[in-house]
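Worksheet for the structure shown next.
In what follows, every heavy atom counts, from backbone to side chain, and hydrogens, waters and symmetry copies are set aside.
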Amino acid sequence: MAKSGKELDPQSVAACTVLKRAVELDSESRYQQALVCYQEGIDLLMQVLRGTKDDIKKCNLRKQITGYMDRAEIVKKYLDQEKEDGKYHKQIKIEENATGFSYESLFQKYLNETVTEVWIQDPYIRQIHQLYNFLRFCEMLIKKPCKVKTIHLLTSPNEGSGKQQQSSGLQEIKESLQNHGVLLELEYSSSVHDREIRFNNGWMIKIGRGLDYFKKPQSRFSLGFCDFDLRPCHETTVDIFHNKHTKKFDG
């Protein structure tokens, strides 16, 4: 947008910055991130338009908004088709000691009111902290807008001294979920190795380390002990796919 003899106001600058980033991401075929930036930039331009009194400026802004909206619609249709064809794939790399990756931060955008069934395959839901991780994940499912009725967990049995601890811990979680009207179906397999989570709205998330990607807190009274967005993470990779035909795990 032209400066028209004076400096751009902060809102116009913000819109230009976001939309410039959208175009860059678009040209790099990073369509999901580009769509988010297009939507944010268009919203900012709309706010600039509402505060503009000059008719010529209004006309120019409307043309710009229409152009960006047309491109955003094309990107959205492409992404929707990718999901429909089961080709959607997004990868998130969590760096060593990175923060801001609580289960809510990672999963919330894929949870909605259509989610009624969840499948979790993770061989390491065995030790105390891993049981707490699974419990925390279940708590998120209960709180979110999704209406979960069934959770399936496939994990490996703890054959050591912690066998009773694993069994009783998962049973307690099962009973607690039952009090909330949710059925937890448990299955054990010594041969399970893959880690993945599926929602029946078509989203599938594969985390290299499964649910156990958080580091141990420095102490019981250190930041991150309760709020996992503040908890440092181990390095891992998160792969996100979409397929409208989500099925249970193969036997």
Next on the checklist: Go through it in stages, so that I can follow the logic: the residues are Ser12 and Asp9, the test is side-chain contact (heavy atoms from CB on, under 4.5 Å), and I'd like the CA-CA distance, side-chain angles, deciding distance and then a yes or no.
Outcome noted: CA-CA 5 Å; Ser12 297; Asp9 61 273; 2.7 Å; yes
Item to check | Derivation and outcome, side-chain contact (heavy atoms from CB on, under 4.5 Å), residues Lys93 and Gln91 | outcome: CA-CA 7 Å; Lys93 290 186 178 179; Gln91 187 175 83; 3.4 Å; yes
Next on the checklist: Glu196 vs Arg198, test: salt bridge (charged side-chain N to carboxylate O under 4.0 Å, His left out). Steps then yes/no.
Outcome noted: CA-CA 7 Å; Glu196 65 182 59; Arg198 300 186 191 183; 2.6 Å; yes
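Taking the six-membered ring for Trp and the full ring otherwise, the centers of Tyr213 and His234 sit at least 6.0 Å from each other.
Atom CG of Leu49 and atom CD of Gln11 lie 11.0 Å apart (nearest 0.5 Å). Taking OG1 from Thr236 and NZ from Lys206, the interatomic distance works out to 13.0 Å, rounded to the nearest 0.5 Å. Rounding to the nearest 0.5 angstrom, the gap separating the CG atom in Leu186 from the CD1 atom in Ile173 is 8.5 Å.
Between Phe199 and Phe107, the ring planes lie perpendicular to each other; the angle is over 60°, past the 30° to 60° tilted range.
Between Lys76 and Asp80 there is a salt bridge, since at least one side-chain N of the basic residue sits less than 4.0 Å from a carboxylate O of the acidic one. Comment: Arg21 engages Glu24 in a salt bridge, judged by a side-chain N to carboxylate O separation of less than 4.0 angstrom. Taking the charged nitrogens against the carboxylate oxygens, Glu235 and Lys215 have no contact shorter than 4.0 Å, which rules out a salt bridge.
Take Arg136 and apply the salt bridge (Lys or Arg N to Asp or Glu O under 4.0 Å) test, not counting sequence neighbours, and it matches no residue. Residues that satisfy the ring-ring contact (aromatic ring centres under 6.0 Å, His included) test with Phe228, not counting sequence neighbours, are Phe214. A search for side chain to side chain donor-acceptor pair (under 3.5 Å) contacts involving Asn112 returns Thr114, not counting sequence neighbours.
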